[in-house]
Amino acid sequence: MNTPATSLAASPGGAELTQLRVGLGERSYDIVIGPGLLAEAGTRIAALRPGARVGIVTDRNVADRHLGTVEAALGEAGLTPTPVIVEPGEKSKCFAVFEQVVDALLAARIERGDLVLALGGGVVGDLAGFAAAALRRGVDFVQAPTSLLAQVDSSVGGKTGINSRHGKNLVGAFHQPILVLADTGALDTLPLREFRSGYAEVAKYGLIDNAPFFAWLERKWEAVFGGGPARIEAIATSCASKAAVVSRDEKETGDRALLNLGHTFGHALEAGAGFSQRLLHGEAVAVGMAQAFRFSAAQGLCAPADAERVETHLRTVGLPTRIADIPGELPDTDGLMGLIGQDKKVSRGALTFILARGIGQSFIARDVDPAEVRAFLEGERRGG
Ligand SMILES: NC(=O)c1ccc[n+]([C@@H]2O[C@H](COP(=O)([O-])OP(=O)(O)OC[C@H]3O[C@@H](n4cnc5c(N)ncnc54)[C@H](O)[C@@H]3O)[C@@H](O)[C@H]2O)c1
Ligand SMILES: [Zn+2]
């Protein structure tokens, strides 16, 4: 156990900003959430590492929209920025691009005392974070997440890494950032489909252990999508949830696994769709969460009305909830079972799932019987 999980405090930067602290002893750090933070990146980073060189790792989409703001802000604060721009998309989380990024950071003479800034979505955050972890055996790292998924999930918690031909996220390191700057205004340029996909992870925090938050989302989701205070509140609540779990269980030996709600079914579907634009991660998680609740209801663990409520909300915001909602071909039931079996969350043949006794009452179910999962998936494939 660690010291205080998180604390909410008014920010000196302005009334609209929210600040959380992730309590991890000497690796503790602040998450600042609100509009206009990219323009403040210079003063905020200079306050921690005055005069540092900053390797800004970003992708082409984000560079076109936000790199100018960040470079100017860093320069004005007496920092020395060097941009390292990669192609957008999951393919950049690979050894070849990792090598290019590390080489570019070395060429920029990023040394101990300097830092790496990840400006982008989860792809950039995972890649840049791993580069920072490896460079000279570890340099400091700041996250400036620009997708909703990155703001509420990947930028908090310190997991970094790349993919291998053997699977996703198999090569990486735990490397906590020293600061997270979540500029909620930067989300205005994010495509709606990407925003919606990230929203699945927001809803997840309500479903895990915060029923009032889920009920609030049912009422306020349009305002969250629209921007403004409701968006900031939703992101702050999500970050606080993730930060609290990470503080309790930094290396995922215990209840950090709750964050995998919807991810066992979801990953199998994502893999089945080839990790393509056909099914974004959050879309797969939306189907996976709806399935986890339907499976829980089928097992008599949770009321069918709760499973229906989950499905209704996800559908209302435009997320898929059924296998039939996913365009194109998918593996058959045996194929999906094989993909579930390959998932990290399997230990010695028994399946581990995050199931629910109701909204906000998720729990880790070890020893789930694969035959029951198979029967459930068979029913789902028939559209039952
Ligand atoms: N480290 C963790 O704990 C963790 C947790 C969850 C997910 N992840 C990883 O995160 C990745 C997915 O992250 P993602 O969904 O952010 O994907 P992403 O980084 O590919 O971003 C999605 C798309 O949005 C674009 N984009 C991002 N911000 C934008 C903005 N402000 N304006 C316009 N376009 C913008 C990107 O260029 C990209 O095309 C996966 O690789 C996943 O493994 C990591
Ligand atoms: Zn996820």
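In each ligand, atom 1 is the first atom listed, and ligand 1 is the first ligand listed.
- The pair K91-E87 does not meet the salt-bridge criterion, since no charged nitrogen lies less than 4.0 angstrom from a carboxylate oxygen.
- Ring geometry for F353 versus F295: interplanar angle of 30 to 60°, hence tilted.
- At least one heavy atom of K242 sits closer than 4.0 Å to an atom of ligand 1.
- The distance criterion of under 3.5 Å between nitrogen or oxygen atoms is not met by H281 with respect to ligand 1.
- A distance of 15.5 Å separates NZ in K220 from CZ in F225, rounded to the nearest 0.5 Å.
- Of the heavy atoms in D59, only side-chain atoms (C-beta onward) come closer than 4.0 Å to ligand 1.
- Closest to atom 16 (O) of ligand 1, if we only count protein heavy atoms, is S147 OG, 2.5 Å.
- If you look at K159 next to ligand 1, the close heavy atoms, those under 4.0 Å, come from the backbone and the side chain alike.
- Taking 4.0 Å as the cut-off between side-chain N and carboxylate O, D30 and R44 do not count as a salt-bridged pair.
- Looking at R366 and T352, their side chains never bring a donor and an acceptor atom within 3.5 Å of each other.
- Ligand 1 lies within reach of E90, whose nearest heavy atom is under 4.0 Å from it.
- Contact atoms of ligand 1 toward V62: 26 (N), 27 (C), 28 (N), 29 (C), 35 (C) (distance under 4.0 Å to a heavy atom of the residue).
- Nearest protein neighbour of atom 34 (N) of ligand 1, counting heavy atoms only, is P191 CD, 3.9 Å.
- If you take NZ on K93 and OG1 on T160, they are separated by 9.5 Å, rounding to the nearest 0.5 Å.
- Less than 4.0 angstrom separates some heavy atom of R65 from each of these atoms of ligand 1: 32 (N), 33 (C).
- Here the heavy atom of the protein found nearest to atom 6 (C) of ligand 1 is D153 OD2, 3.6 Å.
- By heavy-atom distance, the residue among A118, S92, G122 lying nearest atom 13 (O) of ligand 1 is G122.
- Ion pairing between a basic and an acidic side chain is recognised when a charged N comes within 4.0 Å of a carboxylate O; K242 and D153 show such pairing.
- Among Y199, W216, F213, the one residue that satisfies the ring-ring contact (aromatic ring centres under 6.0 Å, His included) test with H313 is Y199.
- The shortest separation from a heavy atom of A186 to ligand 1 is under 4.0 Å, placing the residue in contact.
- Summary of contacts: the protein heavy atom closest to atom 21 (O) of ligand 1 is G121 CA, 4.2 Å.
- Evaluated by nearest non-hydrogen atom to atom 24 (O) of ligand 1, the leading choice among L190, N61, L280 is L190.
- The protein atom (non-hydrogen) at minimum distance from atom 28 (N) of ligand 1 is T146 OG1, 2.8 Å.
- When only non-hydrogen protein atoms are considered, atom 33 (C) of ligand 1 lies nearest to T189 O, 3.1 Å.
- When non-hydrogen atoms are compared, ligand 1 lies under 4.0 Å from the side chain of K168 (C-beta onward) but not from its backbone.
- For atom 4 (C) of ligand 1, the nearest non-hydrogen atom of the protein is S154 CB, 3.2 Å.
- Ion pairing of D188 with R231 is present here, as a side-chain N (NZ or NE/NH1/NH2) and a carboxylate O approach within less than 4.0 Å.
- Only the side chain of H66 comes within contact range of ligand 1, with a heavy atom under 4.0 Å; no backbone atom does.
- A heavy-atom distance below 4.5 Å is not found between the side chains of W221 and V202.
- I235 contributes atom CD1, which lies 5.5 Å from atom CG of L148 (distance to the nearest 0.5 angstrom).
- Summary of contacts: the protein heavy atom closest to atom 18 (P) of ligand 1 is V123 CG2, 3.8 Å.
- Contacts of L149 with ligand 1, taken as heavy-atom pairs under 4.0 Å, involve the side chain alone.
- Centred on the Zn ion (ligand 2), the OE2 atom of E201 and the NE2 atom of H263 lie at an angle of 110°, reported to 10°.
- A salt bridge does not link D114 to R49: none of the charged nitrogens lies less than 4.0 Å from a carboxylate oxygen.
- Under 4.0 angstrom from ligand 1, there are no non-hydrogen atoms of T160.
- Contact annotation: for L187 versus ligand 1, there are no heavy atoms closer than 4.0 Å.
- Ligand 1 lies nowhere less than 4.0 angstrom from a heavy atom belonging to E201.
- Looking only at side-chain heavy atoms (C-beta outward), V32 and L37 come within less than 4.5 Å of each other.
- A donor-acceptor contact under 3.5 angstrom links the side chains of E90 and N163, judged on distance only.
- Exactly one residue among I45, V139, I56, L79 makes a side chain to side chain contact (heavy atoms under 4.5 Å, CB included) with L115. That residue is I45.
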